[in-house]
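First up is the structure itself, then whatever we jot down about it.
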Amino acid sequence: MTVVLTPYWSNGVQKLRVEPQPPAPPPRGTLPAAHDNKVHAIRCMAQLRSKDKSIEKYIYLSQLKHADEHMFYKLCLEHMEEFTPIIYTPTVGDACIQHSHIFRRPEGLYISIKDKGSIGQILRGWPKLNEARISVVTDGSRILGLGDLGVNGMPISIGKLSLYVAGAGIRPSSTIPICLDLGTNNEKFLQDPMYLGLRRKRVPDAEMEEFMEEFMREMCKTFPKLLVQFEDFSTDHAFHYLDHFRHRYPVFNDDIQGTGAVVLSGFLNAAKLSSAASGRPLNSHRILFLGAGSAGVGVAMQLQSFFKIQGLSEEEARNRIYLVDSQGLIFDSRGPMAEHKKYFSRRDYKGPPMTNLTDIIEYVKPTALLGLSTIKGSFNKEVIEIMSALNPRPIIFPLSNPVRLSECEFHEAVEWSAGQVLFASGSPFPEMEFGGKTLHPGQGNNMYIFPGLGLGSILCRASTITDTMVEASSLGLADSLTDDERASDLLYPRLERIREISAFIATRVIRKAQEEGVDTLKDLRKLSDPDLLKFVAGKMWKP
Ligand SMILES: NC(=O)C1=CN([C@@H]2O[C@H](COP(=O)(O)OP(=O)(O)OC[C@H]3O[C@@H](n4cnc5c(N)ncnc54)[C@H](O)[C@@H]3O)[C@@H](O)[C@H]2O)C=CC1
Ligand SMILES: CC(=O)C(=O)O
Ligand SMILES: [Mg+2]
């Protein structure tokens, strides 16, 4: 992208503003006479739709992004619902699995354990040093629900950043996809001659810790205005590195905090509908989680806010939440457990281990069942029928990704609950007709949160990302439903409004950062709410 430098005055000092410019037209004679951008957009969509396999569509769109970034993002914004399942979940999962086979050209940075000691040198080689604002960093150790994919995790960083550009108008040149190569324990990849990463097992924790210290220190030194999003680290490392760095650098973990925020938002809307049908007060909900990893526990932590908003104490809020992992209900006398499970471990249950999900549902009598377990089919007919017998409108969120790992499908939840389910899934499902009505599945995916949370944090130059900023993003999303969307019982707004939603979320995040005093660009404090919204919308890059 070309830029021009425009002079402006600030506090009596003349400064230069970098203004990105549209790309220069191609030299005369290189395009045929009848070439026209409007027709070319139609041609691109026809080429995309002519491909049968979704992975072919993914490859076509990544080529288009390289060849004509403006066309790619223009079409992405105009066809959000068609593009996101290709550039993001579920197809990005296949792109990760096949990354070493479909790799065409470099995009982003691969930083390996062999670079320890010289990470800064690599970062300083990045071509757009001064423009860098947001980086999505994965170590490939838990990509969606697909396990350890090593450097094949790179497409997840690329896909999330494409959504930052499309959804929040971050300039493409301000994004840095990063995949850390700390080895992989994926035997199949280690045996694959095409595998692009280091051919070694994952490094021990102590070595990873030294690497991560150097990496974050150098990132902050090289890119002083950069926000870092940790993505798809295995659960132990996800919690550890969030705690370790969050008070030192502007960083957040998308799987723990972004997912927590998106689910709290959908739950706020679902709980109102569920309580309206049952006549039971909002503070009487009980939530059962299948899955207690980074996503399950991250969401459970955030959902405590739901109960606190209803006036419950922290202890009372915690008591409304039950976690189940691969060994069944999590309770204290079950024996030793991972650190991140302890907070929600039940103190009140003293019986024998309870492993069967239907038994656990009969015991807990939840109003909501949330899946972050990667176990396809675990919300079966019996489970959904019991949930429907307990609740006139059961809340059922199968949130695992990609779509083939979803705990149940939308049509199953609808049919087995006689159309009463309040549903949100991690990956998209098509809407369906039932009982003479069109029913819309919600997509409870962090893609609704991170673009706005990131944009707000970047614009006010937040020094850290606080819990209240994350919560503000969630409440902002819940409040962004239109009357029309509420009338259709939608739990999340329509994806085509993503820019409007991200701008709204960003203003809420900025205000919270200001309240907490972590905004370093204090000028934005002077703006009224409507002016702040205008400022945020005006900052968005437009293809
Ligand atoms: N919708 C969204 O926005 C997001 C969805 N996710 C999805 O959540 C899923 C889990 O992610 P993580 O928590 O990071 O992974 P993880 O592997 O750390 O957690 C999985 C959890 O499921 C439990 N589990 C496994 N088998 C089970 C069984 N048979 N019965 C009950 N529990 C079982 C495990 O014990 C563990 O607690 C993934 O599919 C991921 O794609 C993650 C982040 C965001
Ligand atoms: C959506 C997401 O971040 C995940 O499945 O890991
Ligand atoms: Mg993730």
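Both ligands and their constituent atoms are indexed starting at 1 by order of listing.
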### Query
Quick one: which ligand 2 atoms are inside 4.0 Å of a heavy atom on Asp255?
2 (C), 3 (O), 4 (C), 6 (O)
### Query
What's the atom name of the N, O or S in Asp255 nearest to the Mg ion (ligand 3)?
OD1
### Query
So Phe83 and His79, would you call those rings parallel, tilted or perpendicular, with 30° and 60° as cut-offs?
parallel
### Task
Please report which non-hydrogen protein atom sits nearest to atom 5 (O) of ligand 2, along with the residue it belongs to and the distance in Å to one decimal place.
Asn401 ND2, 2.8 Å
### Task
Please determine which of Thr184, Asp148, Leu180 meets the side chain to side chain contact (heavy atoms under 4.5 Å, CB included) test together with Asp139.
Leu180
#### Entry: Any Asp232 heavy atom less than 4.0 Å to ligand 2
yes
### Task
Apply side chain to side chain donor-acceptor pair (under 3.5 Å) to Ser162 and Lys65, showing your working.
CA-CA 9 Å; Ser162 296; Lys65 189 166 77 169; 2.9 Å; yes
### Task
Might you check, step by step, whether the distance between atom 17 (O) of ligand 1 and some protein heavy atom is under 4.0 Å?
no
### Task
Give yes or no for whether the N/O distance cutoff of 3.5 Å, strictly under, is met between Leu290 and ligand 1.
no
### Task
Looking only at distances, please establish whether an N/O atom of ligand 2 is found under 3.5 Å from an N/O atom of Tyr88.
no
### Message
Quick one: does any side-chain atom of Arg497 pair with a main-chain N or O of Arg499 as donor and acceptor, under 3.5 Å?
### Response
no
### Query
Would you say ligand 1 has an N or O under 3.5 Å from any N or O of Ala295?
yes
### Query
Nearest protein heavy-atom contact for atom 44 (C) of ligand 1: which residue, which atom, what distance?
Thr259 OG1, 3.0 Å
### Message
Can you confirm, on distance only, whether ligand 1 has an N/O atom lying under 3.5 Å from any N/O atom belonging to Lys341?
### Response
no
## Note on the structure
of all protein heavy atoms, closest to atom 32 (N) of ligand 1 is Asp325 C, 3.2 Å
### Query
Does the Thr138 side chain pair with the main chain of Glu231, one donor and one acceptor, at a distance under 3.5 Å?
yes
### Task
Would you mind finding which of Gln443, Gln229, Lys160 brings a heavy atom closest to atom 2 (C) of ligand 2?
Lys160
### Query
When you look for heavy atoms under 4.0 Å from ligand 2, do you find them on the side chain of Asn446, its backbone, both, or neither?
side chain
### Query
N/O of Thr235 under 3.5 Å from N/O of ligand 1, yes or no?
yes
### Task
Report the nearest protein non-hydrogen atom to atom 19 (O) of ligand 1: residue, atom name, distance rounded to 0.1 Å.
Gly293 CA, 3.4 Å
### ligand 1 to Asp255 polar contact by distance, N or O atoms, under 3.5 Å
no
### Test side chain to side chain contact (heavy atoms under 4.5 Å, CB included) applied to Phe450 and Asp254, Val262, Leu455, Val136, the passing residue
Asp254
### Task
For atom 20 (C) of ligand 1, find the nearest protein heavy atom and state the residue, atom name and distance (0.1 Å precision).
Leu372 O, 3.8 Å
### Query
With only distance considered, is Ala292 within less than 3.5 Å of ligand 1 through an N or O on each side?
yes
### Message
By the definition side chain to side chain contact (heavy atoms under 4.5 Å, CB included), identify the one residue from Cys179, Cys96, Pro155, Ser100 that meets it with Leu149.
### Response
Cys96
### Query
In terms of residue, atom name and distance, what is the protein heavy atom nearest to atom 1 (N) of ligand 1?
Gly444 O, 2.9 Å
### Query
Is the backbone N or O of Ala261 less than 3.5 Å from a side-chain atom of Ser474, with the two atoms forming a donor-acceptor pair by type?
yes
#### Entry: Whether Ser274 side chain and Ala270 backbone form a donor-acceptor pair below 3.5 Å
no
#### Entry: atom 25 (C) of ligand 1: the protein heavy-atom neighbour that sits closest, reported with distance to 0.1 Å
Ser373 O, 3.7 Å
### Task
Report yes or no: do Gln229 and Tyr164 form a side-chain donor-acceptor pair below 3.5 Å?
yes
### Task
Quick one: do Leu227 and Ile465 satisfy side-chain contact (heavy atoms from CB on, under 4.5 Å)? Show the steps, please.
CA-CA 9 Å; Leu227 169 70; Ile465 312 304; 3.6 Å; yes
### Summary
the Mg ion (ligand 3) -> Glu231, closest N, O or S atom is OE2
### Query
Do Asp205 and His237 get their side chains close enough for a donor-acceptor pair, meaning under 3.5 Å?
yes
### Task
Output the list of atoms in ligand 2 that are nearer than 4.0 Å to some heavy atom of Asp254, sorted by atom number.
3 (O)
### Query
Do you see an N/O/S atom of Asp254, backbone or side chain, under 2.8 Å from the Mg ion (ligand 3)?
no
### Message
For Glu231, state whether at least one heavy atom is located under 4.0 Å from any atom of ligand 2.
### Response
yes
### Message
Heavy-atom distances under 4.0 Å decide this one: backbone, side chain, both or neither, for Thr89 against ligand 2?
### Response
neither
### Query
Checking Arg286 side chain against Val364 main chain: does a donor-acceptor pair fall under 3.5 Å?
yes
### Message
Are there over 12 heavy-atom neighbours, none belonging to Lys201, within less than 6.0 Å of that residue's NZ?
### Response
yes
### Message
On a heavy-atom basis, I'd like to know which of Gly147, Ala338, Ser326 is closest to atom 34 (C) of ligand 1.
### Response
Ser326
### Query
Can an N or O of Val262 be found at a distance shorter than 3.5 Å from an N or O of ligand 1?
no
### Message
Could you check whether Thr466 and Lys512, counting side-chain N and O atoms only, form a donor-acceptor pair closer than 3.5 Å?
### Response
no
### Task
Do me a favour and list the nearest non-hydrogen protein atom to atom 26 (N) of ligand 1 with residue, atom name and distance?
Ile375 CD1, 3.4 Å
### Query
For Gly140, does its backbone N or O pair with a side-chain atom of Asp232 as donor and acceptor, under 3.5 Å?
no
## Note on the structure
Per residue Asp232, nearest N, O or S atom to the Mg ion (ligand 3) is named OD1
